[in-house]
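Take a look at the structure set out below.
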There are 2 protein chains.
Amino acid sequence: MKKKATVNNTFVCQVRMQAIRDAMSVLSGKWKFHILGTLIEGDKLGFMDLLREVDGIGTKMLSKELQDLEINHLVSRTVMNTKPITVEYAITEQGKTLSTVIEELANWGIEYRKSILDTK
Amino acid sequence: MKKKATVNNTFVCQVRMQAIRDAMSVLSGKWKFHILGTLIEGDKLGFMDLLREVDGIGTKMLSKELQDLEINHLVSRTVMNTKPITVEYAITEQGKTLSTVIEELANWGIEYRKSILDTK
DNA sequence: GATATCTGTTTCCTTTTGGAAAGTAGTTTC
DNA sequence: GAAACTACTTTCCAAAAGGAAACAGATATC
């Protein structure tokens, strides 16, 4: 299975491929876009808030995904010293740069659904 | 684990959630963005062309992903009656509507990589 | 006739992902 | 002091995703 790139083997394409890999490595999975989208809308949400907002997610996945997003500097985590301890999750400046991507993706999804319903 | 949505339980947010689910159901996996991106650049590529262009993919995944994309009307498949049989894969009009999303994602990936290198 | 090319499919396996449920731990209200 | 609330973690398991390699069928070239 030897391979020689022939068509898109330009520098820009290699860079774009790498960029998509980079982006997906940080955004892959079933929940990241939902969590980020929710945090972009209403900033500063507690764990239980997110559990309520992100429809269908469980504690394990929410916890794990939030850790991933925090590691990648897209979400911040702040422990508040309130009566029953609460934690505030918020989108970072870095994370906010994703809002156009998420917006575009959501818009595409809406249009896609429409076009599918038309053809049926 | 009772849940009551309190913050983003508006109609637009429900629609956006659904839109992201729709989009991801069609675009999930390791290779779809790469294949679509490649087909948007150079239209009409053979199976072997794609195998060469999409760095790292194997025959099984390429075959499977192309089938998925064809089912969802994002890619067209045309069998040519050439000497050794060849097949032309191309992006559909429907598929072309993804170009802005892919563009945004790639741009974000590029900027993200830059910012990570800066902070290190 | 052997080898090569094009387009896949099939098999077998490992890794990754995701989910349900129970457990942990601290605080606070009744 | 029992129950409730917040914020998780852990365990155990099932399903999905992904990959390497072999196989297959058709034509065409050496």
Side-chain angles (χ1 to χ4, degrees), chain A residues 1-7 17 20-21 24-35 38-39 44-72 75-90, chain B residues 1-7 17 20-21 24-36 38-39 42 44-72 75-90:
Chain A
M1 207 191 289
K2 306 169 214 165
K3 290 205 227 173
K4 287 178 191 171
T6 49
V7 181
M17 281 273 226
I20 291 176
R21 260 194 299 273
M24 294 310 288
S25 75
V26 169
L27 301 170
S28 65
K30 194 173 172 180
W31 301 109
K32 299 227 176 66
F33 281 116
H34 293 291
I35 294 171
T38 303
L39 284 172
K44 297 194 179 178
L45 294 174
F47 188 84
M48 292 307 279
D49 293 329
L50 283 166
L51 203 59
R52 281 184 276 264
E53 296 297 328
V54 181
D55 199 45
I57 201 170
T59 57
K60 184 187 120 178
M61 290 309 296
L62 181 56
S63 174
K64 191 215 146 211
E65 298 290 65
L66 285 170
Q67 281 171 23
D68 287 355
L69 293 171
E70 197 194 350
I71 287 168
N72 291 316
V75 161
S76 67
R77 188 188 120 106
T78 314
V79 180
M80 313 300 287
N81 59 342
T82 47
K83 5 226 164 149
I85 194 173
T86 53
V87 180
E88 276 184 1
Y89 292 96
Chain B
M1 209 191 289
K2 306 168 213 167
K3 289 206 229 171
K4 285 177 190 173
T6 49
V7 182
M17 281 274 226
I20 291 175
R21 260 194 299 273
M24 293 311 287
S25 75
V26 169
L27 301 170
S28 65
K30 194 173 171 179
W31 301 111
K32 300 228 176 62
F33 282 116
H34 292 292
I35 295 171
L36 289 167
T38 303
L39 284 171
K44 296 193 179 177
L45 294 174
F47 188 83
M48 291 307 281
D49 293 329
L50 284 166
L51 202 58
R52 281 185 276 263
E53 296 297 327
V54 182
D55 199 45
I57 200 171
T59 57
K60 185 187 118 177
M61 290 309 296
L62 181 55
S63 174
K64 191 215 146 212
E65 298 291 66
L66 285 169
Q67 281 171 23
D68 286 354
L69 293 171
E70 197 195 349
I71 286 169
N72 291 316
V75 161
S76 67
R77 187 188 121 106
T78 315
V79 179
M80 313 301 287
N81 58 342
T82 46
K83 8 235 164 144
I85 194 173
T86 54
V87 179
E88 277 184 0
Y89 292 95

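Keep in mind it's a predicted model, so treat the numbers as computed, not measured.
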For this session: Could you state the atom-to-atom distance from CG of L62(A) to P of dT6(D) in whole Å?
Result: 14 Å

For this session: Report yes if at least one side-chain N or O of T86(A) is closer than 4.0 Å to OP1 or OP2 of dT6(D); otherwise report no.
Result: no

Exercise. Does a nitrogen or oxygen in the side chain of T59(B) sit under 4.0 Å from OP1 or OP2 of dG8(C)?
Worked result: no

Exercise. Atom CE of M61(A) and atom C1' of dA20(C): how far apart are they, to the nearest Å?
Worked result: 13 Å

Exercise. E53(B) has an atom CD; how far is it from atom P of dC6(C), in whole Å?
Worked result: 14 Å

For this session: Give one of base, sugar-phosphate or nothing for K30(A), where a contact means two heavy atoms less than 4.0 Å apart.
Result: sugar-phosphate

For this session: State whether Q67(B) places a side-chain N or O below 4.0 Å from either non-bridging phosphate oxygen (OP1 or OP2) of dT9(C).
Result: yes

Problem set entry | Under 4.0 angstrom between Y89(A) side-chain N/O and dC8(D) OP1 or OP2 | yes

For this session: Find the distance L66(A):CG to dC8(D):C1' and express it as a whole number of Å.
Result: 11 Å

Problem set entry | Atom pair distance, as rounded to whole Å: CG in L45(A) and P in dC8(D) | 13 Å

Seminar exercise, completed: In whole angstroms, the gap separating C1' of dC13(C) from NZ of K60(B) amounts to 10 Å

Exercise. Just how far, in rounded Å, is C1' of dG18(D) from CZ of R21(A)?
Worked result: 16 Å

